[in-house]
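These notes are about the structure you will find just below.
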Amino acid sequence: MTRENIFITGASSGLGAEMARQFAAMGRTLVLAARRTDRLAALRQELLTANPGATVLVKALDVTDHDAVFRVFAEARSELGSLDRVVVNAGLGKGQPLGTGYFHANKQTAETNFVAALAQCEAAMTAFREQGAGHLVVVSSMSAMRGMPRNLSTYAASKAGVAALAEGIRADTLRTPIKVTTLFPGYIRSEMNERVRKTPLLVDTATGVRAMVRAIEREVATACVPAWPWALVGFAMRHLPLRVVARLS
């Protein structure tokens with residue numbers, strides 16, 4: 001089944017923008033949502049130039065404004081007639097060790113990565129249940145495999161939460177035309193980690209997102225992306241003693 005109309009949140013940069021490029025090259029109709037509308041407009045023009053005749057809608061959206069999430073999803077569905085695939089990609093990576101006076105930063109990450117993702121999943125599932133079909137894609141993280149120390153503690157917890165949420169939705173829609181995919185990206189270059197210079201196993205944005213798009217198109221239940229070496233790393237993270245995982249993170 002070809003999922004023609006694809007809605008991507010967090011699409012103004014990084015993984016979201018590159019997914020838009022790759023899906024546009026496949027001839028899909030796109031709805032791109034983010035807060036930074038200037039970047040969305042520039043991306044839209046880039047996609048139309050590279051893919052004449054493409055349909056690309058852009059929507060201003062702060063995913064922490066939950067009422068806006070439901071409104072924008074409904075608008076997009078009304079304009080296109082259906083939402084065939086929704087990619088819950090918008091996220092935040094900042095955080096500090098708990099107990100060091102940075103609750104506001106950790107709270108913002110938790111609210112963006114989990115509560116806002118919940119709103120997006122709710123809006124997507126509302127459309128899918130009414131349509132009787134659809135494909136929900138949730139972007140988690142390899143850090144969701146275990147509890148992480150230091151600056152990653154809240155981020156990892158929020159990504160583990162959204163992975164569990166996606167699995168619950170998948171359990172609720174088994175044997176229906178509604179499919180759910182959870183992606184666990186490894187180290188893929190993006191705006192979130194652009195200042196990091198020396199990271200082992202880091203791949204460029206296009207390569208990493210190509211692996212994400214392949215998994216999305218196959219509509220697998222879960223995927224570590226890129227598969228090599230992250231499927232093996234994920235197995236090790238789940239089974240190694242916590243002290244080892246903490247030292248390696």
Taking only residues two or more places apart in sequence or in another chain, which ones pass salt bridge (Lys or Arg N to Asp or Glu O under 4.0 Å) with D65? none
Passes side chain to side chain donor-acceptor pair (under 3.5 Å), E4 versus T29? Steps please. CA-CA 6 Å; E4 178 62 31; T29 296; 3.2 Å; yes
When rounded to the nearest 0.5 angstrom, what is the spacing between CE in M212 and CE in M19? 4.0 Å
Does a salt bridge link D84 with R77, judged by any charged N lying under 4.0 Å from a carboxylate O? no
Charged N-O contact under 4.0 Å between E46 and R21: yes
Taking the side chain as C-beta and beyond, is there a heavy-atom pair between F73 and F7 under 4.5 Å? yes
Quick check: is I169 connected to V138 through a chain of hydrophobic side chains (ILVMFWY, heavy atoms under 4.5 Å apart)? yes
Polar side chain donor-acceptor pair, T182 to E167, under 3.5 angstrom: no
How about Q96 and F103: do any of their side-chain heavy atoms sit closer than 4.5 Å? no
If we check side-chain contact (heavy atoms from CB on, under 4.5 Å) with Y155, which of these qualifies: N106, L92, N113? N113
Stepwise side-chain contact (heavy atoms from CB on, under 4.5 Å) test for L136 and C121: CA-CA 8 Å; L136 177 66; C121 289; 4.0 Å; yes
I178 reachable from V162 in the ILVMFWY side-chain graph, under 4.5 Å edges: yes
Find out whether H66 and Q120 are in side-chain contact, i.e. whether some heavy atom of one side chain is under 4.5 Å from a heavy atom of the other. no
Report yes if the side chains of T9 and V87 come closer than 4.5 Å at any heavy-atom pair, otherwise no. no
Scan side-chain atoms only and decide if T49 and Q45 contain a donor-acceptor pair under the 3.5 Å cut-off. yes
Hey, does L47 have a side-chain heavy atom less than 4.5 Å from the side chain of R44? no
Check the hydrophobic clustering (I, L, V, M, F, W, Y; side-chain heavy atoms under 4.5 Å; chains of links allowed) and say if L232 and V245 are grouped together. no
Any side-chain heavy atom of S13 sitting closer than 4.5 Å to one from R39? yes
If we count only N and O atoms by modelled type, under 3.5 Å, do the side chains of T2 and R28 hold a donor and an acceptor together? no
Scanning both residues in full, the closest heavy-atom pair of L98 with T154 reads CD1-OG1, 3.5 Å
Say whether I8 and I216 are linked into one hydrophobic cluster, either directly or through other cluster members, by side-chain heavy-atom distances under 4.5 angstrom. yes
Is the shortest side-chain N to carboxylate O distance from R3 to E219 below 4.0 Å? yes
Determine whether the aromatic ring centres of residues H239 and F235 are separated by less than 6.0 angstrom. yes
Decide whether F128 and L118 are clustered together by the hydrophobic rule: side chain heavy atoms of Ile, Leu, Val, Met, Phe, Trp, Tyr closer than 4.5 Å, transitively. yes
Can you list the steps and then say if K59 with E79 is a salt bridge (Lys or Arg N to Asp or Glu O under 4.0 Å)? CA-CA 12 Å; K59 300 287 183 181; E79 290 177 49; 2.4 Å; yes
I'd like to know whether CZ of R243 has more than 12 heavy-atom contacts from other residues, nucleotides or ligands below 6.0 angstrom. no
